[in-house]
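Every chain is numbered from 1 and lettered A, B, ... according to where its sequence line falls, protein lines coming before strand lines.
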Amino acid sequence: MLVKYELLKECSDTKARLGKLHTNRGVINTPIFMPVGTQATVKTMTPEELKEINAEIILSNTYHLFLRPGHGLIEKAGGLHKFMNWDRPILTDSGGFQVFSLGKLRKLSEEGATFNSHIDGSKQELTPEKAVEIQNALDSDIAMVLDECPPYPASREYVQNSLQRTTRWAKRCIEANKNPNQSLFGIVQGGMYRDLREESAKELLELDFPGYAIGGLSVGETKELMYEVLEYTVPLLPKDKPRYLMGVGSPDALFEGVEKGIDMFDCVHPTRIGRNGTAMTTFGTVNIKNAKYKEDFDPLDLECSCYTCKNYTKAYLRHLFKASEILGLRLMTYHNVHFLINTMKNIRESLTEDRFLAYKKEFFEKYDRT
RNA sequence: GUGGGUGUAGUCAAGGGGUUAAGACACAGGAUUGUGAUUCCUGCAUGCGUGGGUUCAAAUCCCAUCACCCACC
């Protein structure tokens, strides 16, 4: 069966909503943060650890798994879940973002994207059909259509042509889909142009996807602009389907997204900054490499109950980073992913009790940086 | 004691008469949003062992001196 969104409660002050997403591999509580595991692994974390911190669904990536190890191999392994030992839901991104982020390595046409592999330079092609074929083979629970994520800034004309092609690709993805248990989500584009977002949403809604994503945001525009786009784009999406804001994961953007009615978020932010020495804490960010933590024997976050904070001091974590010890990357990643998952849990609780705005205020009274 | 060599930042160093003394590591900050694990950006020597001298000009040439290294006594 396809995923099914169940709306439990709406916030009385904002567009925020509490819900459940029913999948073949369990129920996901929304709003939710989805950790990113591009190459069939959330970097540094085992599936057991992800379960420990209550990760309910993770992301993986079509483009990366296609190039290495190849979707054929993963299919032989019994699918992505079995391959990576993760039995909860997986959402696979289509490679659309890579088409954007690869920049000079690619060439776009109506047929699809051709590019040189970042691994060995070989010429590769990703078409809507291919993106679906790969995701069918991976057997992820939620698949994404191949889209083009236009850069920012981009002219109206460029964005319009791009979103129309993305819509044509979306149709081709639906036609190519052969996995009845895999839910294919559409992606609304349109850049920072209101009428183009409307055009994109209208056309995609006609295709009746089981879920809708908003793409083309957090690509360099200001946060204010992103919030403005969300303000008018989210209401274009159906109430009985999940809404997924792609690539967003800083705490302020999560709160704003929830407030505007988003149900799902994914972002490399917590894992990436964790590996580079920055932690998100109740009291803001902590750059563990700073000299001021040299003799700081408190945990990263005095109000955090995660494994890292229960057992290790900032002085120790700093030492691990200064000495380039791998455990440092793991402990920081663990804390950051826990922090966002826990924050989303708190957000859901505040929605249950209908005090979302109060919780948001409370959160940012302590968390002074983004 | 004799001969030779080397002294440039916390470390390894480039520069062998001519503007503000390369670079790397370390250190100190910052960045990171549908992944880049070991990434990117910024800062960091008014001074070249010390003291004299030559010269318009010395890290660079000369003398002395000190330290360290190698070889031989």
Side-chain angles (χ1 to χ4, degrees), chain A residues 33-45 57-65 67-68 90-103 118-119 131 135 140 142-152 166 185-189 211-223 225-227 230 243-254 256-257 262 264-280 285-294 318 320-334 336-337 340 369-370:
Chain A
F33 175 77
M34 307 181 284
V36 178
T38 300
Q39 304 202 73
T41 166
V42 176
K43 295 186 193 300
T44 81
M45 295 191 73
I57 173 174
I58 61 173
L59 247 75
S60 202
N61 187 278
T62 302
Y63 166 86
H64 286 277
L65 295 180
L67 291 183
R68 184 172 56 196
I90 296 175
L91 183 154
T92 43
D93 186 22
S94 63
F97 187 73
Q98 280 61 43
V99 169
F100 154 71
S101 64
L102 254 53
H118 69 283
I119 297 167
Q135 293 180 92
S140 53
I142 299 172
M144 302 303 298
V145 298
L146 184 69
D147 66 329
E148 187 201 347
C149 179
Y152 176 83
T166 289
F185 280 22
I187 304 175
V188 175
Q189 290 290 351
Y212 288 91
I214 297 173
L217 290 179
S218 72
V219 288
E221 79 282 11
T222 64
K223 286 191 167 163
L225 184 52
M226 178 172 88
Y227 300 154
L230 285 177
R243 306 151 170 178
Y244 164 30
L245 176 57
M246 309 185 80
V248 166
S250 61
D252 54 344
L254 290 178
E256 292 296 327
I262 297 293
M264 305 163 72
F265 302 85
D266 81 282
C267 195
V268 303
H269 195 64
T271 46
R272 177 181 288 167
I273 68 172
R275 285 196 310 281
N276 288 310
T278 301
M280 289 176 279
T285 56
V286 168
N287 185 342
I288 201 63
K289 287 183 278 193
N290 286 4
K292 60 184 172 186
Y293 301 122
K294 189 174 182 179
R318 177 172 193 273
L320 292 178
F321 269 84
K322 299 306 284 184
S324 301
E325 282 292 344
I326 300 163
L327 183 59
L329 310 182
R330 294 191 56 207
L331 294 174
M332 289 286 277
T333 300
Y334 189 102
N336 278 348
V337 176
L340 287 191
R369 291 168 58 192
T370 50

| query | When you look at A/Val286 and A/Tyr293, which way does the side-chain contact (heavy atoms from CB on, under 4.5 Å) test go after all the steps? | reply | CA-CA 9 Å; A/Val286 168; A/Tyr293 301 122; 3.6 Å; yes

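- In plain terms, the two heavy atoms of A/Pro35 and A/Ile57 that are nearest each other are CD-O, 3.3 Å.
- The heavy-atom pair separating A/Ile90 from A/Ser140 by the smallest distance is O-CB, 3.6 Å.
- Here the C1' atom of nucleotide B/G30 and the CD1 atom of A/Ile288 are 16 Å apart, to the nearest Å.
- Look at the P atom in both B/A58 and B/G5: the space between them is 25 Å, to the nearest Å.
- Nucleotide B/G5 is shown with an anti base, its glycosidic torsion being more than 90° from 0.
- Taking the P atom of each, B/C70 and B/G43 are spaced 41 Å apart, rounded to whole Å.
- Here the closest non-hydrogen pair linking A/Gly216 and A/Cys149 is CA-SG, 3.7 Å.
- Rounded to whole Å, the separation between the C1' atoms of B/C72 and B/C62 comes to 29 Å.
- Residues A/Gln189 and A/Thr166 have side chains that never bring a donor and an acceptor to within less than 3.5 angstrom of each other.
- The shortest heavy-atom contact between A/Ser218 and A/Val248 is OG-CG2, 3.8 Å.
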| field | A/Leu67/A/His118 under side-chain contact (heavy atoms from CB on, under 4.5 Å): CA gap, chis, key distance, verdict | value | CA-CA 9 Å; A/Leu67 291 183; A/His118 69 283; 3.7 Å; yes

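- Contact between A/Met144 and A/Gln135 at its shortest, heavy atoms only, is O-NE2, 2.9 Å.
- Only the C1' atoms considered, B/C61 is 28 Å distant from B/A71, to the nearest whole Å.
- A/Asn336 places its CG atom 14 Å from the P atom of B/U33, with the value rounded to the nearest Å.
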| task | Fill in the dot-bracket string of RNA chain B, one character per base: . for unpaired, | for a pair to another strand, ( ) or [ ] for pairs within the strand, taking Watson-Crick or G-U pairs under 3.5 Å. | result | ((((((((.[[[..)..(....]]].(((((.......))))).....[[[[[..)....]]]]]))))))).

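- For the pair A/Asp252 CG and B/U32 C1', the interatomic distance rounds to 14 Å; values are reported in whole Å.
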| task | Let me see the working for A/Asp252 and A/Tyr227 under side-chain contact (heavy atoms from CB on, under 4.5 Å), right down to the final yes or no. | result | CA-CA 11 Å; A/Asp252 54 344; A/Tyr227 300 154; 3.8 Å; yes

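- When the P atom is compared between B/U50 and B/U8, the two are found 10 Å apart, to the nearest whole Å.
- The side chain of A/Lys292 places no N or O atom within less than 4.0 Å of a non-bridging phosphate oxygen (OP1 or OP2) of B/G29.
- Nucleic acid contact class of A/Lys294 (heavy atoms, under 4.0 Å, all strands): none.
- Nucleotides B/A28 and B/G1 are separated by 45 Å at their P atoms, to the nearest Å.
- Taking atom P in both B/C44 and B/A57, one finds a spacing of 30 Å when rounded to whole Å.
- Closest of all the heavy-atom pairs between A/Tyr152 and A/Leu225 is OH-CD2, 3.5 Å.
- A close approach under 4.0 Å does not occur between any side-chain nitrogen or oxygen of A/Asn287 and OP1 or OP2 of B/U32.
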| Protein proximity profile, nucleotides 34-40 of chain B - base contact B, sugar-phosphate-only contact S, no contact -, cut-off 4.0 Å on heavy atoms | BBSS-B-

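- Remark: P of B/C27 and CG of A/Asn290 are 13 Å apart, rounded to the nearest angstrom.
- Using C1' as the reference atom, B/U32 and B/C40 are 9 Å apart when rounded to the nearest Å.
- Base orientation of B/G49: anti, the glycosidic angle falling outside 90° of 0.
- Residue contacts for A/Thr44: at a heavy-atom cut-off of 4.0 Å it reaches no nucleic acid atom on any strand shown.
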